[in-house]
Amino acid sequence: MKTLVIAEKPDMGRTIAAVIEPRAKNNRSYLEGENYIITWAIGHLLGLAEPDAYDEKYKRWNFGDLPILPDRFKIVPNPRTKDQLKTIGEVAKRCNCIVNACDAGREGQYIFALIQQQLKLTQPVKRLWISDLTAESIQKGFDSLHEEAEFENLTQAARARSEADWLIGMNASRAFTTKHRTLLSVGRVQTPVLALIYDRQKEIESFDSLTYYEIKAELEQLGRKYTGTWQGDRLTDAEKAAAIADKVRGKAGRISEYEVKDTKEYPFKLYDLTLLQRDANAKYGYSAKKTLDLAQVLYERHKVISYPRTNSNYVTEQNIDGMHKALHMLKSGPYQQLVEGANPRLVHVGNKSVCNPARVEDHHAILPTLRRAGTLSKEEQNVYDLVIRRFLSHFYPPAEYKQHTVLTEVAGETFKTNVKELLSLGWKVCQPEDPRAGSRGKKKDEEEEQEELVSEPFHVEKDKPVQCLDAQAKEKATQPPKAYTEGTLLKAMESAGKQLENEELRDAMKDAGLGTPATRAATIERLKNVGYITMQGKRITVTQKGRTAIELIRHAGIELLTSPEMTGQWERRLYQISKGEAAREKFMENVKRFTLSIIDKVRVQPKADASLFEIKEEERKGGRGKGPKAKSSAQRKASGSEQSGGNELKRPDTAEKKRVSGSAPGSLQPLAPCPREGCGGQLIEGRKGYGCTHYKQGCGFVIWKEYAGKNISVNMLTSLAGKGQTQLLTFKQPEGDFKARIVLADSMSGKLDLQRAEE
């Protein structure tokens, strides 16, 4: 008998096999060697069943049938990956021991638990718990496998989270949808996130801009010129502002105060997933989902970064040696110059800004592995570059400055000057842009505290006279709050609990926020897909449907559904369950009580007018997820959408089932090899897209026949599969034509993107 190893994804399984069974025979959906059979899930192979699995009547959404409160939750296989589940069951019969090698976290634990439950696996189980897929880590992990029983409480917490999300999502979505005759999706995480966007947009719309005047003086002492800003109450009178400028212009003055102090700026924290997503959005405009997908490819396929779905910015003592080895590995390559300037002694177990085991739970911060990066796509390289530069910055000293604060008095008026003099760049040499622009910046309410960053020495003499060469009053206007981008929304989701008054709930959410690093991108995508938000460039705006959804929930008296408070309560209790300090059963009783209260409150709510859900013209033009195709997706996601941590079980529509089987004679002819690494399948033509012949083995690669207004021909398909891009094409838009290539953005899924030609 052999030992069965179950990884979370195919690439992970193959990587593990290369270490523990290098001569294993490849049987497509599993690898077999002398001692081990290594197979894999494909994310969530199973999920909680739809309500109609409990009773046929639930196929029709009827308010009178609510609430739906199963005594025991049923699980069902994902139809798209049921063959892989069957494979696991078959190979398990030939094994007397199992290693759970799914991701080291709550969701990985849940994925394995559902497989074990569905297949009734009774063999003893060991747990592989590692944070990266280097050969060294895998070998160490297998040398010190844990007992699965150690993680039983974590499994209970995962089940509780999933089942509680199901209860809220299924019941609240059906209640609001049937009451108001419009598809309304409600969820524990997505609804408070939508409320954040809604509240910000209301602030922007109700903002009343105030005109005010700022007076700047050009000052000179001993041939050195500097600029001062007038100090006093905000001026709203143009004439008064002009009079002050006239009063001081050309007059002599004196320095009333001059303070100089040395300051240091330390490197930003190592990346967790949310910080990486925020920076990639700010620098490259990548969506949270796109950054996560790219990071997963860097981790799974290229194996050049550690596990990306982490919420930690720190490492443990065991990672320090690996960090030094990674630094040495980077010495030969494009980062050679930065590595040569690095100081390895700065990264050690006593450096608490890097090594803080108390702040590492499941996974450490994102780090480069010891594998050299081979050929990466441009987008993969961009994300890898962010990780490498953030990593290298911690091997450099802090940036050093002299902070000069000068108060100059002219004709009884005071002008303030802030000058930040650069002494040493330190870690900022790792920034690819002008490192002098990389200071942490001021908050908006400190905008009057403007500072000038200079690299040459600055100095004034306190006892020497000053001349005001010129002074001007400039008209300014107060600015409304900025609309959320995906980057700033991720930050708001991460810190949502900070607004809670209850200190215990704040503590529960300080490391959690709304959602987890791994699910936040999926939450944002879900809000787009159900038609609650739309993108205007980088800005996120709420649609009319999204506004109405929040207002209906709040007017029903269920404000808790739109507040981070409920998530705070849940995360606190789930954490206690995972540590064995609270009972799962008690938690679920409370969730059921809350579900009943939602139904009762919606029951007495007046029906909303249909006009409140109408799509506005600007939403129709700029939005996503409002067309007929998106609606069918939205119906699938409206209820229970958070039941599997962002990998929700979806009912495949007919078109998706047929995408590979084809419907026309000759449609099974191979057109190109599947670009998905290690797949080995062929792309064939279906009715609406080109799919992979290995779809039954779990390959989800598909390129749809229409993209960005262009029909993807067979020639374009072969170019995308072989070269990763099409030739230069012309795209027509109301604002003007432009040239771009269609590029294969993700060779795992077939997702496409546009790459505009440089002007």
Side-chain angles (χ1 to χ4, degrees), residues 5 7-9 11-22 38 101 103-104 128-144 267 269-273 276 294-310 312-349 351 354-355 357 360 362-377 380-396 430 677-678:
V5 178
E8 188 160 319
K9 291 181 180 176
D11 283 334
M12 298 168 66
R14 294 187 185 102
T15 303
I16 289 170
V19 176
I20 62 170
E21 283 283 11
I38 302 97
D103 284 351
L128 175 70
W129 194 268
I130 56 176
S131 292
D132 58 57
L133 288 173
T134 61
E136 185 180 26
S137 294
I138 292 168
Q139 191 59 60
K140 280 185 179 178
F142 271 88
D143 290 342
S144 56
K269 291 186 291 188
L270 289 167
Y271 278 128
D272 60 10
L273 177 59
L276 180 62
L294 290 167
Q296 278 295 125
V297 171
L298 291 171
Y299 165 65
E300 288 182 16
R301 188 192 312 161
H302 300 294
K303 302 173 183 62
V304 293
I305 65 170
S306 63
Y307 184 76
R309 295 170 182 248
T310 176
S312 177
N313 307 105
Y314 301 93
V315 302
T316 66
E317 294 97 331
Q318 290 74 34
N319 301 123
I320 297 298
D321 182 54
M323 290 179 73
H324 286 152
K325 288 178 179 176
L327 178 70
H328 182 74
M329 179 273 294
L330 292 167
K331 187 174 288 186
S332 55
Y335 301 98
Q336 178 183 356
Q337 191 173 348
L338 287 176
V339 174
E340 287 175 350
N343 181 358
R345 291 193 298 271
L346 293 176
V347 173
H348 53 84
V349 293
N351 182 347
V354 174
C355 183
V360 180
D362 298 339
H363 304 283
H364 56 69
I366 301 173
L367 299 172
T369 66
L370 302 183
R371 174 173 287 202
R372 299 184 193 281
T375 303
L376 304 179
S377 71
E380 291 165 358
Q381 179 62 44
N382 286 341
V383 173
Y384 182 64
D385 187 66
L386 288 174
V387 173
I388 295 300
R389 291 178 181 276
R390 181 62 61 95
F391 167 79
L392 290 175
S393 69
H394 285 274
F395 290 91
Y396 278 81
C430 297
E677 187 180 32

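Excluded from the calculations below are hydrogen atoms, water molecules and symmetry mates; all remaining heavy atoms, backbone and side chain alike, are included.
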Under the ring pair (Phe, Tyr, Trp, His ring centres under 6.0 Å) rule, collect the residues that match up with Tyr299, sequence neighbours excluded.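 Partners of Tyr299 by the ring pair (Phe, Tyr, Trp, His ring centres under 6.0 Å) criterion, ordered by chain and then number, come out as Tyr307.
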
[X] and [Y]: which non-hydrogen atoms are nearest, and at how many Å?
| X | Y | answer |
| --- | --- | --- |
| Val360 | Tyr314 | CG2-O, 3.4 Å |
| Pro308 | Ala295 | CB-CB, 3.7 Å |
| Thr369 | Ala326 | O-CB, 4.2 Å |
| Lys9 | Arg309 | NZ-NH2, 4.0 Å |
| Ile130 | Ala104 | O-CB, 3.7 Å |
| His324 | Val347 | NE2-O, 3.0 Å |

Side chains of [X] and [Y]: does their closest heavy-atom pair fall under 4.5 Å?
| X | Y | result |
| --- | --- | --- |
| Ile16 | Phe142 | yes |
| His364 | Leu270 | no |
| Pro357 | Glu317 | yes |
| Leu346 | His394 | no |
| Met12 | Asp103 | yes |
| Val304 | Glu380 | no |
| Met329 | Tyr335 | no |
| His363 | Ser312 | no |

Quick check: does any side chain N or O of Tyr396 sit under 3.5 Å from a backbone N or O of Leu338, one acting as donor and the other as acceptor? yes

Salt-bridged, Lys140 to Asp143, with N to O below 4.0 Å? no

Enter the distance from [X]:[atom1] to [Y]:[atom2] here, rounded to the nearest 0.5 Å.
| X | Y | atom1 | atom2 | answer |
| --- | --- | --- | --- | --- |
| Tyr384 | Leu376 | OH | CG | 7.5 Å |
| Gln296 | Leu273 | CD | CG | 8.5 Å |
| Ile366 | Arg390 | CD1 | CZ | 10.0 Å |
| Gln318 | Cys355 | CD | SG | 8.0 Å |
| Asn319 | Leu367 | CG | CG | 6.0 Å |
| Ile20 | Gln139 | CD1 | CD | 8.5 Å |

Set of side-chain contact (heavy atoms from CB on, under 4.5 Å) partners for Pro334, sequence neighbours left out: none

Sort and list the pairs that fulfil salt bridge (charged side-chain N to carboxylate O under 4.0 Å, His left out) and have at least one residue in residues 324-338, not counting sequence neighbours.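 Matches after skipping sequence neighbours: Glu136-Lys325, Asp321-Lys325.
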
For the NE2 atom on His348, are there more than 12 heavy atoms of other groups (residues, nucleotides or ligands in this structure) within a distance under 6.0 Å?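 Buried by this count: over 12 neighbours within 6.0 Å.
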
Can you tell me if Gln337 has over 12 outside heavy atoms packed within less than 6.0 Å of its CD?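 Atom CD in Gln337 is not packed in, count stays at 12 or less.
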
